[in-house]
Amino acid sequence: MSPRRVRAGSDAVRRRDRPLRITVDGEPVDGIAGQTVAGVLLAAGRLAWRTGRSGAPRGVFCGIGVCFDCLVTVGEERDVRACRRRVRDGDVVTTQSRNAPGPDRDPDRRGKPGAPGTEER
């Protein structure tokens, strides 16, 4: 996946760009209709938008939806593959980390009754 856009003057297909704007972590980011979330982020110069368990930055790895390195939240939907989801004007995108808060990852709840993984088998 390339962050470069095809300039209108050199586009053999003669597409007409339809600009749109999304919000990423509260910041407006401009894109073009038909781009994926990852394409918009790459074109805006963002190569990474998530961190793994080790804290290493993650962005697009495979670019075809297989590796799940590019996960973001779009609106209320978590774990959206940025390389597969086409943007819509007004989308609100939130970056996420692998260590997202939740009852199964809350260190204060681990091992306590009712915490995930503590049920009797």
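All heavy atoms count here, side chains included; hydrogens, waters and symmetry mates do not.
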When you look at D91 and R85, which way does the side-chain contact (heavy atoms from CB on, under 4.5 Å) test go after all the steps? CA-CA 11 Å; D91 273 346; R85 167 72 155 63; 2.8 Å; yes
Where is the tightest heavy-atom contact between [X] and [Y], given as atom of each residue plus distance?
| X | Y | result |
| --- | --- | --- |
| G31 | V40 | CA-CG2, 4.1 Å |
| T95 | D25 | OG1-OD2, 2.6 Å |
| Q96 | R50 | O-CG, 2.8 Å |
| P28 | R21 | CB-CD, 3.7 Å |
| R88 | I22 | O-CG2, 3.7 Å |
| V60 | A38 | CG2-CB, 3.5 Å |

Pair L41, V24 - check side-chain contact (heavy atoms from CB on, under 4.5 Å), show working. CA-CA 9 Å; L41 292 171; V24 180; 3.8 Å; yes
Are W49 and C70 close enough that some pair of their side-chain heavy atoms sits under 4.5 Å apart? yes
In the structure I gave you, are the side-chain heavy atoms of L47 and L42 within less than 4.5 Å of one another anywhere? yes
Output yes when a side-chain donor or acceptor of R78 lies under 3.5 Å from a complementary backbone atom of T73, and no otherwise. no
So R86 and Q35, side-chain contact (heavy atoms from CB on, under 4.5 Å) or not? Walk me through it. CA-CA 6 Å; R86 295 197 187 274; Q35 284 182 301; over 6 Å; no
side-chain contact (heavy atoms from CB on, under 4.5 Å) assessment of V87 paired with T36: CA-CA 6 Å; V87 291; T36 61; over 6 Å; no
The criterion is side chain to side chain donor-acceptor pair (under 3.5 Å); which residues satisfy it with R46, sequence neighbours excluded? none
Salt-bridge criterion met for D89 and R18 (N-O under 4.0 Å): no
Report the hydrophobic cluster partners of F68, with the cluster defined as I, L, V, M, F, W, Y residues connected by side-chain heavy atoms closer than 4.5 angstrom, directly or transitively. L71
